[in-house]
*Asks:* 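Before anything else, here's the structure in question.
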Amino acid sequence: MSSKPKQSRAEQQAARQRSQRIGAIVISAMTLISFLCICGVVLSLFLRDSRPISQTPSAQENGRTASLTLASTPDKAELMRTLVDRFNAQQLRTTDRQPMQVQLVELTPDVMIEEALAGPTFQAMSPDSSIWLDQLDRRWSEAQQVEEGAIAPSLVGESVRFAISPVVIAAWEDVARSLGWPDQPTGWQEIQQRAAADPNFRWSHPGANVASGLLATLAEFYAGAGKTRGLTEQDATAQSTLDYVSAVERTVKFYGEGEAAIMQRIRQEGRAFLDAFVVQEHLVVNHNRQNSGDRLVALYPSEGTLWADHPLALLEAGNVTDNQRQTWRALRDFMQSAEAQRIVLESGFRPADLSVSLADSPIAAANGVDASQPQTTLQVPGPAVVDVVQNVWQFTKRKANIFLVVDTSGSMEGEKLAATQAALREFMAQIKGNEERVGLVEFGSTVNNIAPLDALANNRSQIERDIDRLQAYGNTALLDGVRTAYNRLQKLGDAERINAIVVMTDGRENNSLTTLSELQREIQRGNSQGTPVVIFAIAFGEDADYDVLRAIAESSGGQVRQGDLNTIRNLYRLLSSYF
Amino acid sequence: MNRTRVIFIVIIVAALVLVGVAALLRTINSPSSTSLLPEQRGPIQVRVLTALPVYDWVSQAAKQFNAEKHTLEGNTIQVEVISMDGLSALGKFDRDEFGVLPADADLQNLTDAEKASLARFPTAWIPDSRYLPELANVAYKERLGRDVFLTDGEYRARPIALSLFAWGLYQSRADALTAQVGDIDWQAIHDAAINPGGWPALGGQPDWGFFKLVVPNPRKNVGGLAAMVAAAGEYYDKTNIGTAEVTDPAFQRWLGELMGSTTDLGGGSAYTAEDFALFGYSAGDGGQLLEADLLKNMEGIQTRWGEALEIFYPKYVTWFDFPFTIWMGPETSAAEKNAALEFQRFLLSPEVQAQAVGSGLRPVNASVSVDQPNSPFTRWASQGVAPIVSRTDAMRSPDRDVLLALLRWFDLNVGR
């Protein structure tokens, strides 16, 4: 009986100690869990706010995204990249802590307008001129079917400027002097007359899908209509005007894909390429700053010029989130800030901030430009007349002989051949008149089929049938295909027209009789001694031999492009800028 | 203290230290975000559509107002200023683009879409002139059977600043033209515009080209319509212009000749005075523009082009009064309306009115004068800027039919 209570006390003590240990373990465990919870919460808060800007997909999904896509023109690509990088580096956040970010896409103004009307993938745009914003609003307003006279809706929302640059005729200094600079007024008329009188005079302007090309073309229409202002639709479409414009356009040696392409060729070939060309002033400034050789001089046309005013506009297309508006406002303020305006001036543009003096800036005589110019502008007609001028120009520019050279080797089978056929059909549909001459060369293991070059009035339906019948098989005799087309164009010897070859391929050359170096020599000799032929190559897929394609294209002054959907869709627009 | 308690306290302290360090790191890692953070206690949002000539001043004032953290019933007021030309805003109200609720809407049971659309509804509107909200009222009276902007009572439209239209010509051009034609008025400008000899025939230099008129695009800037109405006033020598006058073929021919001397028939931008400054002589030799816009750009013009503008006041003056107009519909809450009223009072305070003068605007607060030592009115007095305008004939506000007739004429004859 007595040992039982003793045992019971010991057990009770042991039980107490056990329960104390368990209690301590429970408390420690709970503390540890609480601690881990706190750490988890703190860590998640910390990580959420310090997460890189690109890792916020949820914001995109729930409509809170503050990421703004800005479409900008290629002529100011470097400046925009610098400014946008600086803006993004600030790591600004919206009021609900979404990271503000701007993404750039490069588009020419005409493509920008088409995409903006179709439902833009961008929320803001910066074309090279306000003219395009007017056109966009006019077309948008027409699509809304607003009652005449009523207050029209606008797709273009808030718009600001941050950089401007006048369009000028750039000429080598001795050429400028021979045109009368600096003692006499020099302008469009002098250039047009010189080009007409001197077949060796090489001048160029970009296509009318960019501001400088539009201005140069407008100047031709004014001269052709015998007017200095008040150009009407009737004036622009008068046969005498069209004849004059056609004659002037025949003197243009190169159109190029915008000003950037022209400047690249100038850098590569120097004065051997062109005597004079139409570009924005900042490109003259930068050329002279970066090159120690012959100096370019900016001629401000006495009849008047046009300003590339690079508006930065928000689009009110209904897809802009509140946070994107905050990003827009922050970007707008940044672009007008002292820091951004300094960068603008340093890049050769004139800053929109008028308090920034141009004295002691790159806008100086030493760089071939004059800050006090221009004194007068060419009157820009209303959007409807501008539209007519752009479209009429398509019919008055130099006609072309185009050979389509198509790879139908086995590797093209399936989607690639279908994409090529779609591209060719689109290309044919975009050639409006029937005066262009088109031919087709199909190659696989050898040159399989040749549709001779002829005016589309005669062979349009035949070429279209040939495109439908393309079939893929065999090896790739790329060089032989190109050589066939090249020789035919040389044999034709039609220097009045622009001669071009468009090559579409996906593979590596493996079956030609001709070697690359032989073909290159042939092209270089033919282009310098015979008829100049420009070659464009469209490469499909990753297997395409870019080195060979580049060597062929560059020996002719052409380009290589990747055959993605965008290139295919814009193929004729790209090529037409060279014609 | 036993070991368990020590461990417990150590863990708690470690957790607190960790929280503190994380908070510190968080602050360090987002240095630039502070200025954009809102008040966390449910700020009252006030969205103000603001006419272009007062946008810079009003948005600066809004920044100051937001920074000072004004409150209403314990809630901070946050003002957002949205730049919009008066005519564009009127068009949006006309087309109901802001999404007004139907007259029979059940406010207690709004759909998510309706609530989302109301989130961007403007609380107030500062148009260029009081006739614009009156025109909006006409449209809403038809649609809803009531006014949406009031002309009396506490929430009535109140002017916050004034400005009038004046001629601004580059000094060199003004000297040549006044020597040739005398006083600057619409007829003198018209004659200069149609002179086939251009500037050489007007006493100017050959490289100046033709005389180029600066007129805002009426599709983008209500100042363009005001300029056309003012031209009609001088043409008919009267201040009240009706539809019959602006549709008269002889007047339209005369106006067409005048407008044909602008440099950008396509429209250019909405910021005409800024264009005038930015593009210099190449954009135009002179034009009738809002005095505030001219004054705001005078310094820049002098810096960029090396000469200032000469200012002349026309015989018939057109005033813009920039009324602060509060939306009275159920789309905005009572708190938002009262918060807008707070911001309106702030704009009318002497300090902020003095800032308006700095922007070239004339104050409506009688305690503030325009001829302070640093004001642009004093700075540019030598260029013809007058603190007090002696002209007393003011153009009357045009009605909707006159505006639409002029816009239609512009579209068919100039903007095409």
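Lettering of chains follows the sequences in order, A, B, ..., and the numbering in each one begins at 1.
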*Asks:* How close do A:D333 and B:K63 get, heavy atom to heavy atom, and via which atoms?
*Replies:*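 Where A:D333 meets B:K63 most closely, the heavy atoms are OD2-NZ, 4.4 Å.
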*Asks:* So B:R304 and A:S355, do their side chains get closer than 4.5 Å, heavy atoms only?
*Replies:*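 In short, these two side chains do not touch, never coming nearer than 4.5 Å.
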*Asks:* Would you mind telling me which of A:P351, A:P166, A:P185 has the largest number of heavy-atom pairs within less than 4.5 Å of chain B?
*Replies:*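 Looking at each option in turn, the highest pair count goes to A:P351.
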*Asks:* Would you say B:R120 and A:D322 make side-chain contact, with heavy atoms under 4.5 Å?
*Replies:*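 Result yes, sub-4.5 Å side-chain heavy-atom pair found.
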*Asks:* Could you state the interatomic distance from OG (B:S282) to CD (A:Q373), rounded to the nearest 0.5 Å?
*Replies:*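 Between atom OG of B:S282 and atom CD of A:Q373 there are 9.5 Å.
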*Asks:* Tell me, out of A:Q375, A:R329, A:R350, who's got the most heavy-atom pairs with chain B below 4.5 Å.
*Replies:*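 Heavy-atom pair counts peak at A:Q375.
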*Asks:* Side chain, backbone, both or neither: which part of B:Y55 has a non-hydrogen atom closer than 4.5 Å to chain A?
*Replies:*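 Just its side chain gets close to chain A.
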*Asks:* State the CZ-CD1 distance between B:F279 and A:I164, to the nearest 0.5 angstrom.
*Replies:*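 Atom-to-atom, B:F279:CZ and A:I164:CD1 are 5.0 Å apart.
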*Asks:* Report the distance from atom OG of A:S357 to atom CD of B:Q302, rounding to the nearest 0.5 Å.
*Replies:*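 Answer for the OG-CD pair, A:S357 versus B:Q302, is 11.5 Å.
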*Asks:* I need the residue from B:T303, B:L278, B:I82 with the largest number of non-hydrogen atom pairs under 4.5 Å to chain A.
*Replies:*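 With the most close heavy-atom pairs to chain A, the winner is B:L278.
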*Asks:* With distance as the sole test, does A:R161 use its side chain to make a donor-acceptor pair with the main-chain N or O of B:D275 at under 3.5 Å?
*Replies:*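 Between the backbone of B:D275 and the side chain of A:R161 there is no qualifying donor-acceptor contact (under 3.5 Å).
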*Asks:* With sequence neighbours left out, write down each residue that passes side-chain hydrogen bond (donor to acceptor under 3.5 Å, both in side chains) with A:D370, or none if nothing qualifies.
*Replies:*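 Per chain and number, A:D370 pairs via side-chain hydrogen bond (donor to acceptor under 3.5 Å, both in side chains) with A:S372.
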*Asks:* Check whether A:L133 gets within reach of chain B through its side chain, its backbone, both or neither, counting any heavy atom under 4.5 Å.
*Replies:*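 Neither the backbone nor the side chain of A:L133 comes within 4.5 Å of chain B.
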*Asks:* Please say whether more than 12 non-hydrogen atoms of neighbouring residues, nucleotides or ligands are located less than 6.0 Å from CD in A:Q234.
*Replies:*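 Open.
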*Asks:* What is the distance from atom OH of B:Y281 to atom OG1 of A:T377, rounded to the nearest 0.5 Å?
*Replies:*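 Reported to 0.5 Å precision, the distance equals 14.0 Å.
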*Asks:* Is A:A371 close to chain B through its backbone or its side chain, or both, or neither, when contacts mean heavy atoms under 4.5 Å?
*Replies:*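 It is the backbone, since no side chain atom gets that close.
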*Asks:* Which donor-acceptor pairs under 3.5 Å do the side chains of residues 204-214 of chain B make with protein atoms, sequence neighbours left out?
*Replies:*
| unit_1 | atom_1 | unit_2 | atom_2 | d |
| --- | --- | --- | --- | --- |
| B:K212 | NZ | A:T376 | OG1 | 3.3 |
| B:K212 | NZ | B:W208 | O | 3.0 |
| B:K212 | NZ | B:F210 | O | 3.3 |

*Asks:* Using modelled atom types and a 3.5 Å cut-off, is there a donor and acceptor pairing between side-chain atoms of A:Q379 and backbone atoms of B:G260?
*Replies:*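 Present.
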*Asks:* Drop me the distance from B:M84's CE to A:E316's CD, to the nearest 0.5 angstrom.
*Replies:*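 Rounded to the nearest 0.5 Å, the CE-CD separation comes to 6.5 Å.
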